[in-house]
2 protein chains.
Amino acid sequence: MMRMNILEAFKALGNPTRLSILQNLREPEKHFPPQDEGDVTIDGVCVGSIQEGVGLSQSTTSTYLASLQRAGLVTSKRMGGWTYYKRNEANIKKLIELLGREL
Amino acid sequence: MMRMNILEAFKALGNPTRLSILQNLREPEKHFPPQDEGDVTIDGVCVGSIQEGVGLSQSTTSTYLASLQRAGLVTSKRMGGWTYYKRNEANIKKLIELLGREL
DNA sequence: TTGATGTTTCTAGATATAGCGATATAATGA
DNA sequence: TCATTATATCGCTATATCTAGAAACATCAA
């Protein structure tokens, strides 16, 4: 399990698009269309669906997701041709606790 | 009481110097020298003391403090020739609660 | 193998932030 | 009033981030 870093998390979430991606992933079935392969809640949401939601280019969306992942806030899973992203709830919980103690 | 904004707080705290200023202000008497006028805990810490702690220029320090204040994370009080900054504990608490609910 | 599709990485220009010195403002005291 | 000290703001350069398009890579199906 990754050790959470407050500063890196703040940097990643200081961008409105990245913040809203993480928030939308709280209730994936409410913000993203169902997928033929892979359940949005269990497996995560594919990059294409997330891109449609944010309205930026595919490459930018991919870069943002990679950044959220480096910060430990999401995980990715490759299945066939798709990459599915979902929240890393354990790390997010850890972050909030850390903030309560150290912020 | 200011309505806390998650994004603005993240932006302000995504900078290592600003983050550490806020953290040092948790225990002012441990991180800053006593002041002739104004108690570091009750009234806050003057800009000059904070500047010495961070090791950046006076102008940069002042700008950073203004940014933390705009984000609602600190308050300032002018007393004589000095401006004293302290944490806005109520807002910080509100922010952490907001993160627990909305992040 | 070839082509189609989803994703990632590379490159580059536009915009934003970092951080300094100089200047302006405010308060104090001689 | 004038000089001094503390802080804030302005103007600037350097660096970082934003974001797109192009190219590369991966997977699958024909």
Side-chain angles (χ1 to χ4, degrees), chain A residues 5 7-22 25 32-40 43-71 73-86, chain B residues 5 7-22 25 32-40 43-71 73-86:
Chain A
N5 177 301
L7 183 61
E8 288 311 310
F10 281 156
K11 280 198 218 170
L13 297 175
N15 173 288
T17 302
R18 289 192 296 260
L19 177 59
S20 96
I21 289 174
L22 192 69
L25 286 174
F32 304 100
Q35 299 167 159
D36 294 350
E37 301 173 36
D39 181 273
V40 292
D43 303 299
V45 182
C46 72
V47 179
S49 293
I50 295 174
Q51 186 211 334
E52 282 181 29
V54 302
L56 294 178
S57 75
Q58 201 272 333
S59 68
T60 299
T61 307
S62 176
T63 302
Y64 281 2
L65 288 167
S67 146
L68 286 171
Q69 184 167 29
R70 274 193 304 277
L73 297 162
V74 302
T75 58
S76 73
K77 171 163 64 167
R78 183 94 190 194
M79 288 171 68
W82 289 268
T83 307
Y84 299 93
Y85 284 89
K86 61 185 299 195
Chain B
N5 178 305
L7 183 62
E8 288 311 309
F10 281 157
K11 281 198 218 169
L13 297 175
N15 172 287
T17 302
R18 289 191 297 260
L19 177 59
S20 95
I21 289 173
L22 192 69
L25 285 174
F32 303 100
Q35 299 167 159
D36 293 350
E37 301 173 36
D39 181 272
V40 292
D43 302 300
V45 182
C46 73
V47 179
S49 292
I50 295 173
Q51 187 210 334
E52 283 181 30
V54 301
L56 293 178
S57 74
Q58 193 271 326
S59 65
T60 299
T61 306
S62 175
T63 302
Y64 280 3
L65 287 167
S67 146
L68 286 170
Q69 184 167 30
R70 274 193 303 278
L73 297 163
V74 301
T75 58
S76 73
K77 171 163 63 169
R78 184 94 191 193
M79 286 171 68
W82 289 267
T83 307
Y84 299 95
Y85 284 89
K86 61 186 299 198

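Order of the sequence lines fixes the chain letters, A, B, ..., with proteins taken first and strands second; residue numbering starts at 1 for each chain. Only this structure's heavy atoms are used, side chains among them; waters, hydrogens and symmetry mates stay out.
If you take OH of A:Tyr84 and C1' of C:dT8, they are 16 Å apart, rounded to a whole angstrom. The distance from atom CD1 of A:Ile50 to atom P of C:dT7 is 9 Å, rounded to the nearest whole Å. The CD atom of B:Gln51 sits 9 Å away from the P atom of D:dT7 (whole-angstrom rounding). Distance CD (B:Glu37) to C1' (C:dG29): 13 Å, rounded to an integer number of Å. Summarising the geometry, the separation between CG on A:Leu65 and C1' on C:dG6 is reported as 13 Å, rounded to the nearest angstrom. Computed from coordinates, the B:Arg70 CZ to D:dT9 P distance equals 9 Å when rounded to whole Å. Rounded to whole angstrom, the span from the CD atom of A:Gln35 across to the P atom of C:dT7 amounts to 9 Å. Regarding A:Trp82, its CH2 atom lies at a distance of 12 Å from the P atom of D:dT27, rounded to whole Å.
Counting only heavy atoms from C-beta on, A:Ser62 has its side chain closest to C:dT8 among C:dT8, C:dG19, D:dA20. For B:Tyr64, the listed nucleotide lying nearest its side chain is C:dA18; candidates were D:dA8, C:dA18, D:dA20. Among the nucleotides D:dA8, D:dT9, D:dC18, the one closest to the side chain of B:Gln58 is D:dA8.
Within the 4.0 Å cut-off from OP1 or OP2 of C:dT8, at least one side-chain nitrogen or oxygen of A:Tyr85 is found. Taking side-chain N and O atoms only, B:Thr60 has no distance below 4.0 Å to OP1 or OP2 of C:dG19. Between B:Thr83 and D:dA8 there is a side-chain N or O to OP1 or OP2 distance below 4.0 Å.
The backbone N or O of A:Ser59 sits less than 3.5 Å from a side-chain atom of A:Thr63, completing a donor-acceptor pair.
Contacts between residues 9-20 of chain A and DNA chain C, counted as heavy-atom distances below 4.0 Å, involve no residue at all.
Taking every heavy atom of both residues into account, A:Gln35 and A:Cys46 meet most closely at OE1-N, 2.9 Å.
Residues A:Leu68 and A:Leu13 have side chains in contact (heavy-atom distance under 4.5 Å, counting atoms from C-beta outward). At least one side-chain heavy atom of B:Ser67 sits under 4.5 Å from a side-chain heavy atom of B:Arg70.
In this structure, the separation between OG1 on A:Thr61 and OH on A:Tyr85 is 10.5 Å, given to the nearest 0.5 Å. Note: A:Leu65 CG to A:Tyr84 OH = 14.0 Å, rounded to the nearest 0.5 Å.
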Please set out all donor-acceptor pairs under 3.5 angstrom arising from side-chain atoms of residues 14-22 of chain A, sequence neighbours excluded.
unit_1: A:Asn15; atom_1: OD1; unit_2: A:Thr17; atom_2: N; d: 2.9
unit_1: A:Asn15; atom_1: OD1; unit_2: A:Arg18; atom_2: N; d: 3.0
unit_1: A:Asn15; atom_1: ND2; unit_2: A:Tyr64; atom_2: OH; d: 3.3
unit_1: A:Arg18; atom_1: NE; unit_2: A:Ala12; atom_2: O; d: 2.7
unit_1: A:Arg18; atom_1: NH2; unit_2: A:Lys11; atom_2: O; d: 3.4
unit_1: A:Ser20; atom_1: OG; unit_2: A:Thr17; atom_2: O; d: 3.4

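Where B:Ala66 and A:Ser59 each meet DNA chain D at their nearest nucleotide, the meeting point lying more 5' is that of B:Ala66. Nearest-nucleotide mapping onto DNA chain D: of A:Thr61 and A:Met79, the residue sitting toward the 5' end is A:Thr61.
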